[in-house]
Each structure stands twice: as structure tokens, then as C-alpha cells.
Amino acid sequence: MAYWLLKTERSAFSWEDQLKAGPKGGEWSGVRNPLAQKNMMAMKIGDLGFFYHSGDEKRIVGVVKVVSEAHPDSTDRTGRWNCVDVAAAGAFQKPVALSEIKAEPRLANMVLVRNSRLSVQPVTEEEWMLICRMGGYNQR
DNA sequence: GCCAACGTTGGC
DNA sequence: GCCAACGTTGGC
């Protein structure tokens with residue numbers, strides 16, 4: 001079981017959109033970066049990911065789970081890109097802002113801090129647990 | 001609005 | 001196959 005972080009601009013696809021997709025979830029489409037793509041290809045059903053709003057908000061607002069492993073991205077006509085399906089697993093009681101992550105020394109090595117442009121990133125178990133605690137998110 | 005970091009493109 | 005030029009992302 002692995003942990004990830006998925007970035008999206010609110011205007012493109014928001015947490016509310018993710019909630020609307022319900023327990024069956026939907027495609028995490030539109031990723032057109034080779035490294036982000038490689039990360040998605042490595043996702044397994046049941047893996048969890050932070051849902052991060054980039055742009056004006058810059059904060060983690062919730063958790064999604066992988067409900068379908070990589071398959072062709074329906075928004076891609078070239079046939080080169082794949083995506084996974086994710087469903088909302090729960091919202092943070094208190095969203096965790098990028099500024100809080102940067103202020104936490106134990107998170108200094110997070111990919112989010114090191115390579116802010118990567119849209120699909122791995123998260124370590126230690127980072128995952130700590131951020132869940134910061135966000136008031138209870139894992140089952 | 002700026003710019004650093006990173007990707008992609010295209011000429012050679 | 002290299003690399004300069006250009007485009008995009010995303011934080012500040």
C-alpha cells in the first residue's frame with residue numbers, strides 16, 4: 001500500500017467535483033507529464049492520495065483512494081497517456097496549507113517542497129501520517 | 001507580474 | 001543525440 005499526492009487547480013477539477021463523483025469515483029485524467037504518468041502507473045487499488053488544490057489555495061483538502069488502476073485516459077486522443085480512477089475517501093477537518101508543510105522540518109524532503117511542479121507525487125508513510133494528524137484526518 | 005524550475009521542440 | 005530556444009507550471 002502506497003501513498004500519493006495529486007494536484008489540481010480548483011478551476012479545472014475541484015474537491016467538490018471529486019465528491020460529486022461519489023464512491024465509484026472517476027478518472028484522474030489530463031496528466032501529460034512522463035514522471036507523473038509513471039507514478040500513476042505504479043498505483044494499486046486501495047492506495048491513498050492527498051487531494052491538493054494548487055493555485056490560489058495551495059492546500060491539501062482531502063483524501064482519495066485508488067479505485068481503478070491505470071487504463072487509457074479517455075481525454076487523450078493520441079492513445080499515449082493513461083490514468084487511474086480515484087474516489088473521495090474523506091475530507092480534512094482542517095486543510096493543511098503549503099506554508100504549514102514548509103514550516104514543518106520533518107516535511108522538508110517532501111516532493112511537494114522539492115519539486116513543486118510535479119502533479120502526481122509519491123508520499124512516504126511518515127509524511128502521510130504526520131499530515132493526516134495536522135489535518136485532523138482519522139484513518140481507519 | 002515575475003521568475004525559477006522543468007519539459008518540449010526543432011535545427012544541426 | 002545534443003542543446004538553444006521557447007513554453008508551461010506554480011509559488012511568491
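Every chain is numbered from 1 and lettered A, B, ... according to where its sequence line falls, protein lines coming before strand lines. Here the structure is a predicted model, which is why all the values come from computation and not from measurement.
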Inset, instruction - Evaluate the side-chain proximity of W81(A) to M40(A): yes if any heavy-atom separation is below 4.5 Å, no if none is. - result: no

Legend entry - Heavy-atom side-chain contact between R80(A) and R32(A) under 4.5 Å: no

Distance-only criterion, 3.5 Å: show the donor-acceptor pairs between side-chain atoms of residues 43-52 of chain A and protein atoms not counting sequence neighbours.
{"unit_1": "D47(A)", "atom_1": "OD1", "unit_2": "A2(A)", "atom_2": "N", "d": "3.0"}
{"unit_1": "D47(A)", "atom_1": "OD2", "unit_2": "W4(A)", "atom_2": "NE1", "d": "3.1"}
{"unit_1": "D47(A)", "atom_1": "OD2", "unit_2": "K44(A)", "atom_2": "N", "d": "3.0"}

Inset, instruction - Provide the start and end nucleotides, 5' to 3', of the part of DNA chain C that has atoms under 4.0 Å from heavy atoms of chain A. - result: dT8(C) to dC12(C)

Inset, instruction - Using a 4.5 Å cut-off on heavy atoms from C-beta on, say whether the side chain of M134(A) contacts that of L107(A). - result: yes

Inset, instruction - Scan L118(A) against the nucleic acid and name what it touches under 4.0 Å (heavy atoms): base, sugar-phosphate only, or nothing. - result: nothing

Legend entry - Side chain proximity check, M110(A) to L5(A), heavy atoms < 4.5 angstrom: yes

